[in-house]
Amino acid sequence: MRPTVYINDLSKHVGEEVTLKGWLYNKRSSGKIKFLILRDGTGYVQCVVFKGNVSDNIFESAEKITQESSFEVTGKIREEKRAVGGYELDATDVKIIGLAHEYPITPKEHGIEFLIDNRHLWVRSKRQVAILKIRARVVKAIRDFFDERGFILFDPPIITPNACEGTSTLFEMEYFDLGKAYLTQSGQLYAESGAMALGKVYTFGPTFRAEKSKTRRHLTEFWMVEPEMAFYDLDDDMDLAEEFIEYIVQTVLRDRAEELKELERDTSKLEKVVRPFPRISYSDAVEILKKKGVDFQWGNDLGGADETIIGEEFDRPVMIHRYPSEVKAFYMKRDPENPKVALAVDVIAPEGYGEIIGGSQREDNLDYLLERIQEHDLPQQFFEWYLDLRRFGTVPHAGFGLGLERTVSWICGLEHLREAIPFPRMIYRNTP
RNA sequence: UCCGCGGUAGCUCAAUGGCAGAGCAUGCGGCUGUUAACCGCAGGGUUGUAGGUUCGAGCCCUACCCGCGGAGCCA
């Protein structure tokens, strides 16, 4: 039943007769010759049906097959410069498997809303296939990067009893007799526990935010990878972050060049993503904004527009460190040399793609951490286990979180984050 | 929650307050090398909903519904 030959293996079958199975991407015809573009998920190949070469029945099948109908086609493979992909199949047999009736996504342009309504079909289109292949490669690059460097995968729970950072609005549920529970917004606190057990760990999974964000940079469900390392300080954290980003981008450039071309991505901009990345302090960033005429007060958090302005100053991702501790999470360690700032770092992607990494050195002192929890008005009883990590052999440690969809979006040069995940979840949409 | 924009054929969009249209898709016909093929013909409409102004409303006014993008928040 399963196909014996896939389109991306055609170069090994030149001169042979093969049977391919897939769907009709598009059809063009000219009287007694028909061109059927078959796609099978691995590629596209043009199948030529000449009236003289096949029976009337088979020619009729080629005649009535519609866009996105599934079919199998048999014929000899030869090299052909005129055809997309460089190979062509001279059909001797065409069998329709499932005839499609009025496939809604036509070769002409569609609005994003309509396409999202038909996301289950939209994933078949060339552009979406390219994006999804790049996403899968980014995921593998992430795993390879950490696995090769001695990190251990450490899976945090998705259902949590409290808001990890106490800030974001979370999805809430009734958890049996135990009261309210929430979908996780980050695996980080749990990763810290893992780092104390295994040294270097990373978590990788979906996270959830119930914020009513309606922008092209937000999803309510998105994937995040969060490494956490014992005995790392902020500088070590930044070293790792830039090596990590360089690795992901260079891997995709090497292994997914064809897909980037399909997306018409300007790869010269990605080629520049090599270490070292510029590192500036928050205070330096404020100076840049002021020089650019932005009315900005030291102490405020950087907004999306501010990040874009700073990002445009550099041709590679920029690391902004030492933010005012007031705007950052309770677990971030304060700079011993300046308690007004936290040992935090955000990595801003170029070309206006914004924050792709947020990280910090964690507060490892029990008393300071207790103060932070009180200042942030957090329920201490939920954090006792987290405080135990400071009670029993505390060490300096650091980590960061990288947003998968924002990274894919930047590498692919997408207009909107929702193309970077198979089934995006947004504030007013949970279908299909 | 606030601000801005939008809703017309299956899809993308036109239409000065005066006969509701085009391209794509679909159906039929033509074409032996097409590259979002092309050429001809045909079917396809409660103009988001409700009300109002007007001789006449897709267009102007009011309310509502839905969507989009931005702010805030964040990856």
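To find a chain, count down the sequence lines: A is the first, B the second, and so on, and within it residues start at 1. Note that these values count all heavy atoms, side chains included, but never hydrogens, waters or copies made by symmetry.
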Query raised in the report: Is Arg216(A) touching bases, backbone alone, or none of the nucleic acid, heavy atoms closer than 4.0 Å?
Result: sugar-phosphate
**Report entry** Which residues share a side-chain contact (heavy atoms from CB on, under 4.5 Å) with Arg137(A), sequence neighbours left out
**Finding:** Lys140(A), Ala141(A), Asp144(A), Thr251(A), Arg254(A), Asp255(A), Arg256(A)
Requested in this report: Residues of residues 397-420 of chain A with any non-hydrogen atom less than 4.0 angstrom from an atom of RNA chain B: list those, numerically ordered, please.
Outcome: Arg406(A), His416(A), Leu417(A), Arg418(A)
Query raised in the report: Between Phe330(A) and Tyr386(A), how do the two ring planes meet: parallel, tilted or perpendicular, split at 30° and 60°?
Result: perpendicular
Query raised in the report: Charged N to carboxylate O under 4.0 angstrom, Arg127(A) versus Glu262(A)?
Result: no
Query raised in the report: Which is true for Asp346(A) with a 4.0 Å heavy-atom rule: it touches a base, it touches only sugar-phosphate, or it touches nothing?
Result: nothing
Query - Gap in Å between the two P atoms, one belonging to U1(B) and one to A9(B), rounded - result: 29 Å
Query raised in the report: How far, in whole Å, is C60(B) from G43(B) if one measures between their P atoms?
Result: 32 Å
**Report entry** U46(B) and C11(B), which share atom name P, separated by this distance in whole Å
**Finding:** 12 Å
Query raised in the report: Nearest heavy-atom pair of Leu10(A) and Val5(A): which atoms, and what distance?
Result: CD2-CG1, 4.0 Å
Requested in this report: For salt bridge (Lys or Arg N to Asp or Glu O under 4.0 Å), just list the numbers for Glu258(A) and Lys133(A), CA-CA rounded to whole Å, side-chain angles, deciding distance to a tenth of an Å, and then say yes or no.
Outcome: CA-CA 10 Å; Glu258(A) 204 177 302; Lys133(A) 284 184 179 174; over 6 Å; no
**Report entry** Whole-Å P distance, C13(B) and C66(B)
**Finding:** 22 Å
Query raised in the report: In whole Å, what separates the C1' atom of G44(B) from that of U26(B)?
Result: 9 Å
Query - Interatomic distance, Met426(A) CE vs G70(B) C1' [rounded to whole Å] - result: 16 Å
Query raised in the report: How close or far is atom P of C11(B) from atom CD1 of Ile105(A), stated in whole angstroms?
Result: 12 Å
Query - Salt bridge Arg406(A)-Glu307(A), side-chain N to carboxylate O under 4.0 Å - result: no
Query raised in the report: With a non-hydrogen cut-off below 4.0 angstrom, is Leu219(A) in contact with a base, only sugar-phosphate, or nothing?
Result: base
Query raised in the report: Would Tyr331(A) and Gln188(A) count as having a side-chain donor-acceptor pair, cut-off 3.5 Å?
Result: yes
Requested in this report: Starting at atom CG of Leu99(A), determine the distance to atom C1' of G27(B), rounded to an integer number of angstrom.
Outcome: 14 Å
Query raised in the report: Nearest-Å distance, CZ (Phe204(A)) to P (A75(B))?
Result: 16 Å
Query raised in the report: Can you tell me how far P of A75(B) sits from CZ of Phe222(A), to the nearest Å?
Result: 7 Å
Report summary line: Phe208(A) CZ to C74(B) C1', in whole Å, measures 16 Å
Query - Spacing between Gln188(A) atom CD and A75(B) atom P, to the nearest angstrom - result: 10 Å
Query raised in the report: Based on Watson-Crick and G-U pairs with both distances under 3.5 Å, what dot-bracket line describes RNA chain B 5' to 3', crossing pairs as [ ] and inter-strand pairs as |?
Result: (((((((..((((....[..)))).(((((.......))))).....(((((..]....))))))))))))....
Report summary line: When rounded to whole Å, the NZ to P distance for the pair Lys34(A) and U32(B) reads 10 Å
Query - Verdict with reasoning, Asp147(A) to Tyr202(A), per side chain to side chain donor-acceptor pair (under 3.5 Å) - result: CA-CA 9 Å; Asp147(A) 291 345; Tyr202(A) 68 102; 2.8 Å; yes
Report task. Between A20(B) and A63(B), how far apart are the P atoms? Round to whole Å, please. Result -> 29 Å
Query raised in the report: Using 4.0 Å as the upper bound for N to carboxylate O, is an ion pair formed by Arg362(A) and Asp237(A)?
Result: no
Query raised in the report: Are OP1 or OP2 of A71(B) and a side-chain N or O of Arg217(A) less than 4.0 angstrom apart?
Result: yes
Query raised in the report: For nucleotides 33-38 of chain B, read 5' to 3', which letter fits each nucleotide if B means a protein heavy atom sits under 4.0 Å from the base, S means only the sugar-phosphate is that close, and - means neither?
Result: BBBBB-
**Report entry** Check ion pair Glu246(A)-Arg275(A) (N to O, under 4.0 angstrom)
**Finding:** yes
Requested in this report: For G52(B) and C59(B), measure between their P atoms and round to the nearest Å.
Outcome: 14 Å
**Report entry** Verdict with supporting geometry, Arg39(A) and Glu68(A), salt bridge (Lys or Arg N to Asp or Glu O under 4.0 Å)
**Finding:** CA-CA 9 Å; Arg39(A) 61 164 193 87; Glu68(A) 285 306 320; 2.8 Å; yes
Query raised in the report: Rounding to the closest angstrom, what is the interatomic distance between G72(B) and C2(B) at atom C1'?
Result: 9 Å
Report summary line: Sorted by position of nearest nucleotide on RNA chain B, 5' first, the leading residue of Lys51(A) and Lys64(A) is Lys64(A)
Report task. Scan nucleotides 3-10 of chain B nucleotide by nucleotide, 5' to 3', and note B when protein non-hydrogen atoms come under 4.0 Å of the base, S if they reach only the sugar-phosphate, - if neither. Result -> --------
Query raised in the report: With a distance cut-off below 6.0 Å to the six-membered ring centre and an angular limit of 45° from the axis, does Arg124(A) pair with Tyr103(A) as a cation-pi contact?
Result: no
Query raised in the report: So, Thr42(A) versus Asp40(A): side-chain donor-acceptor pair below 3.5 Å or not?
Result: yes
Cut-off 3.5 Å, no hydrogens considered: what does the side-chain donor-acceptor table look like for residues 216-225 of chain A, sequence neighbours left out?
{"from": "Arg216(A)", "atom 1": "NH1", "to": "Glu415(A)", "atom 2": "OE1", "distance (Å)": "3.3"}
{"from": "His218(A)", "atom 1": "ND1", "to": "Thr215(A)", "atom 2": "OG1", "distance (Å)": "2.6"}
{"from": "Thr220(A)", "atom 1": "OG1", "to": "Arg425(A)", "atom 2": "O", "distance (Å)": "3.0"}

Query raised in the report: Would Met229(A) and Leu240(A) satisfy side-chain contact (heavy atoms from CB on, under 4.5 Å), going step by step from the backbone distance to the final call?
Result: CA-CA 10 Å; Met229(A) 299 74 66; Leu240(A) 184 73; 3.6 Å; yes
